[in-house]
Participant: 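This is the structure I have questions about; it appears just below.
Positions are given from 1 along the sequence. Hydrogens, waters and symmetry mates are skipped; everything else that's a heavy atom, side chains included, is used.
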Amino acid sequence: MANINLENLLRHEIKQFKSSHKIEEIGTVTFVGDGIARVVGLDEAMVSEMVQFPNGTYGMVQNLEKDNVGIIIFGDYSNIHEGDVVKPLGTVMQVPVGPSLLGRVVDALGRPIDGKGEIFTSKRRPVEAAAPGIMDRQSVDQPLQTGQKAIDALVPIGRGQRELIIGDRKTGKTTIAIDTILNQKEEDVICIYVAIGQKESTVKNIVSTLERYGAMEYTIVVSASASQPAALLYLAPYAATAMAEEFMYEGKHVLIIYDDLSKQAAAYREMSLLLRRPPGREAYPGDVFYLHSRLLERSAQLNDKLGGGSITSLPIVETQAGDISAYIPTNVIGITDGQIFLEADMFFAGIRPAINAGLSVSRVGGSAQIKAMKDVSGTLRIDLASYRELEAFSQFGSDLDEATQQKLNRGRRTVEVLKQRLHRPISVDKQVVLLYALSHGFLDDIPVEAISEYERELYLFVENQYQDSILNVIRHNKKLPEPIILNDMLDAFNTQFEAIAQRYRTNDE
């Protein structure tokens with residue numbers, strides 16, 4: 001009886017059996033060196049497809065050639081050898097995304113490098129994605145306040161804009177970017193800082209600064225340091241943008257800083273030459289413009305149907321001896337919506353941020369600037385430009401008429417007002433009050449050396465006595481209060497400040 005049951009059971013199992021076979025394509029390494037592997041046998045490989053080597057290191061398919069594929073290696077390749085088996089993973093390059101990454105420091109593959117343990121998130125996005133189409137966007141009309149007077153007044157930035165920060169080495173480019181992140185604390189903006197090809201000690205200092213001012217809780221730091229393979233430096237901005245897109249498509253606002261794209265272009269040039277792609281101008285490959293255009297076009301202000309989220313990008317590009325007409329700077333200037341040009345001579349003269357108002361421009365940010373700021377900063381750029389011209393002319397020692405002398409005096413005070421201390425962002429309502437005082441002549445009799453103290457005391461005075469009637473009106477209505485309120489307040493403050501101003505005058509004498 002037991003034999004019959006066993007026989008029936010076997011017959012049943014045999015009937016249920018279905019043979020299936022799966023063909024899995026694998027490749028073989030024919031060459032490896034300098035972070036590049038050439039592999040045969042991956043005839044079905046896709047561009048940007050992820051592959052894995054026997055030592056667990058990941059790679060990404062870059063070149064599809066007739067008899068082999070060129071793969072860039074993300075990590076150590078010293079123990080990858082000719083003849084090793086390469087396994088395609090059947091998916092394009094992806095990175096983890098989501099709120100779990102906030103407050104963390106990750107590498108270009110989204111792996112934590114801050115020693116705080118694993119990041120738990122099930123969401124992933126491809127590093128390369130199509131930019132939002134024309135109909136998916138809307139005009140830039142909301143300001144992104146940087147907290148820096150010279151930028152918010154002269155080259156305002158709107159949410160969804162791409163504003164280039166450009167200048168020589170050590171002129172304060174990263175400082176502007178970090179101070180902008182610090183100013184987003186009360187603005188409900190998620191920030192992503194991408195460090196490309198920087199020293200690890202520099203990245204550590206930046207993270208420490210963000211932690212000290214409480215900014216890391218809404219910030220992700222993506223680091224591809226100078227010691228890492230060129231492939232990771234190339235990938236880092238795309239990976240960070242994928243992380244930003246996850247928030248944008250959820251209707252949130254994101255600020256992303258690429259520091260800097262010059263180093264990414266150099267890493268891409270290194271990779272391309274190793275892959276034996278034809279070099280072009282300055283040995284860059286022919287598609288180096290596309291390298292940055294497809295990255296920066298992903299920054300946008302989405303329309304309300306898609307949630308109204310945005311990505312605002314501040315790419316940084318380093319110039320050599322102030323040459324903004326070099327290959328990479330002109331490429332990125334052509335892609336972005338304006339640039340903030342930092343001048344080395346101004347920086348070393350103590351004018352910081354060292355923004356050259358003549359060469360800096362914001363092509364779309366003006367429509368996002370609040371009305372109160374437009375009213376007080378309307379003639380600021382022209383005043384600065386005419387001051388620079390008059391200053392050069394007055395050095396010849398000619399006798400100057402009273403009107404010219406007045407312009408020079410106002411210009412000196414304008415330059416002094418636009419100076420700002422490190423990591424001290426200022427809210428837009430206080431900026432408006434100070435610039436109103438400047439443009440309406442309340443600073444004309446204040447000694448230039450006393451301007452910084454005047455500014456500090458003015459903020460305290462307005463905060464303590466005019467919070468509701470002035471600061472809150474500017475903050476909520478985006479407009480200036482009645483002129484009589486502002487004038488009376490500034491008259492009262494100037495009377496109070498006269499004793500301090502007199503002390504400076506006495507010291508001068």
Side-chain angles (χ1 to χ4, degrees), residues 145-157 163-180 182-183 314 316-324 329 338-362 365 373 376-395 404-426 428 430-432 434-435 437-439 443-444 446-456 458-459 504 508:
Q145 305 294 354
T146 67
Q148 291 160 90
K149 296 167 287 186
I151 295 176
D152 291 341
L154 296 171
V155 276
I157 299 170
E163 183 79 5
L164 172 64
I165 301 172
I166 185 169
D168 283 6
R169 185 173 175 275
K170 294 289 181 189
T171 51
K173 302 186 297 296
T174 300
T175 300
I176 284 180
I178 297 304
D179 286 0
T180 303
L182 299 184
N183 197 56
L314 298 181
I316 295 174
V317 164
E318 187 178 297
T319 55
Q320 306 293 326
D323 182 15
I324 59 172
Q339 70 274 351
I340 297 166
F341 180 64
L342 303 179
E343 197 172 301
D345 291 345
M346 291 174 68
F347 184 85
F348 296 124
I351 301 169
R352 300 173 188 178
I355 295 171
N356 182 318
L359 293 175
S360 301
V361 65
S362 177
M373 182 59 89
V376 297
S377 66
T379 62
L380 208 57
R381 183 188 292 276
I382 298 165
D383 291 347
L384 265 177
S386 61
Y387 164 66
R388 298 275 181 225
E389 198 175 314
L390 283 172
E391 187 186 32
F393 175 73
S394 66
Q395 288 174 348
T404 305
Q405 194 65 54
Q406 172 64 24
K407 278 188 177 181
L408 282 168
N409 290 338
R410 177 71 64 86
R412 289 189 195 100
R413 284 157 179 78
T414 302
V415 169
E416 200 64 30
V417 160
L418 293 178
K419 289 181 183 178
Q420 196 156 332
R421 291 172 63 202
L422 187 69
H423 307 325
R424 294 287 186 277
I426 300 162
V428 69
K430 291 178 182 174
Q431 289 184 38
V432 166
L434 180 66
L435 292 172
L438 172 70
S439 59
L443 291 176
D444 288 355
I446 306 295
V448 173
E449 299 79 15
I451 295 291
S452 61
E453 192 169 348
Y454 181 96
E455 178 182 355
R456 193 164 55 250
L458 176 62
Y459 294 155
Y504 279 94
D508 284 348

Participant: Output all residues satisfying side chain to side chain donor-acceptor pair (under 3.5 Å) with T319, sequence neighbours left out; order by chain, then residue number.
Facilitator: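 Counting only residues at least two positions away or on another chain, T319 forms a side chain to side chain donor-acceptor pair (under 3.5 Å) with D168.
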Participant: Partners of T174 by side chain to side chain donor-acceptor pair (under 3.5 Å), sequence neighbours excluded?
Facilitator: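 Residues passing side chain to side chain donor-acceptor pair (under 3.5 Å) with T174: D259.
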Participant: If you look only at pairs with a residue in residues 343-355, which of them pass as a salt bridge (Lys or Arg N to Asp or Glu O under 4.0 Å), with sequence neighbours excluded?
Facilitator: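 Qualifying pairs: none.
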Participant: Output all residues satisfying side-chain contact (heavy atoms from CB on, under 4.5 Å) with A354, sequence neighbours left out; order by chain, then residue number.
Facilitator: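 For A354, the residues satisfying side-chain contact (heavy atoms from CB on, under 4.5 Å) (neighbours in sequence not counted) are M346, F347.
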Participant: Test of understanding: with salt bridge (charged side-chain N to carboxylate O under 4.0 Å, His left out), list the residues that count as partners of K170, not counting sequence neighbours.
Facilitator: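 Not a single residue meets the salt bridge (charged side-chain N to carboxylate O under 4.0 Å, His left out) criterion with K170.
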Participant: In chain order, what residues pass the side chain to side chain donor-acceptor pair (under 3.5 Å) check against E163, with sequence neighbours excluded?
Facilitator: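 E163 satisfies side chain to side chain donor-acceptor pair (under 3.5 Å) with Q161 only.
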Participant: Could I get the full list of side-chain contact (heavy atoms from CB on, under 4.5 Å) partners for K430, not counting sequence neighbours?
Facilitator: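 For K430 the side-chain contact (heavy atoms from CB on, under 4.5 Å) partners, ignoring immediate neighbours, are I426, S427, Y459, E463, L471.
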Participant: Going by the salt bridge (Lys or Arg N to Asp or Glu O under 4.0 Å) test, which pairs reach into residues 145-156, not counting sequence neighbours?
Facilitator: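 As it turns out, the salt bridge (Lys or Arg N to Asp or Glu O under 4.0 Å) pairs with a partner in residues 145-156, which skip direct neighbours, are K149-E455.
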Participant: Taking only residues two or more places apart in sequence, or in another chain, which ones meet R169 in a side chain to side chain donor-acceptor pair (under 3.5 Å)?
Facilitator: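 Side chain to side chain donor-acceptor pair (under 3.5 Å) check on R169 returns nothing, list empty.
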Participant: Please list, chain by chain and in numerical order, all residues satisfying side-chain contact (heavy atoms from CB on, under 4.5 Å) with A177, sequence neighbours excluded.
Facilitator: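 For A177 the side-chain contact (heavy atoms from CB on, under 4.5 Å) partners, ignoring immediate neighbours, are I257, I316.
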Participant: With E453, which residues qualify under side-chain contact (heavy atoms from CB on, under 4.5 Å), at least two apart?
Facilitator: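 Scan of E453 (side-chain contact (heavy atoms from CB on, under 4.5 Å), adjacent residues dropped) gives R456, E457, F497, I500, R503, Y504.
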Participant: Does any donor atom in the side chain of Q148 or N183 lie under 3.5 Å from an acceptor atom in the other side chain?
Facilitator: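 Short answer, no.
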Participant: Kindly state each residue pair satisfying salt bridge (Lys or Arg N to Asp or Glu O under 4.0 Å) with at least one member in residues 414-423, sequence neighbours excluded.
Facilitator: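 For residues 414-423: E416-K419.
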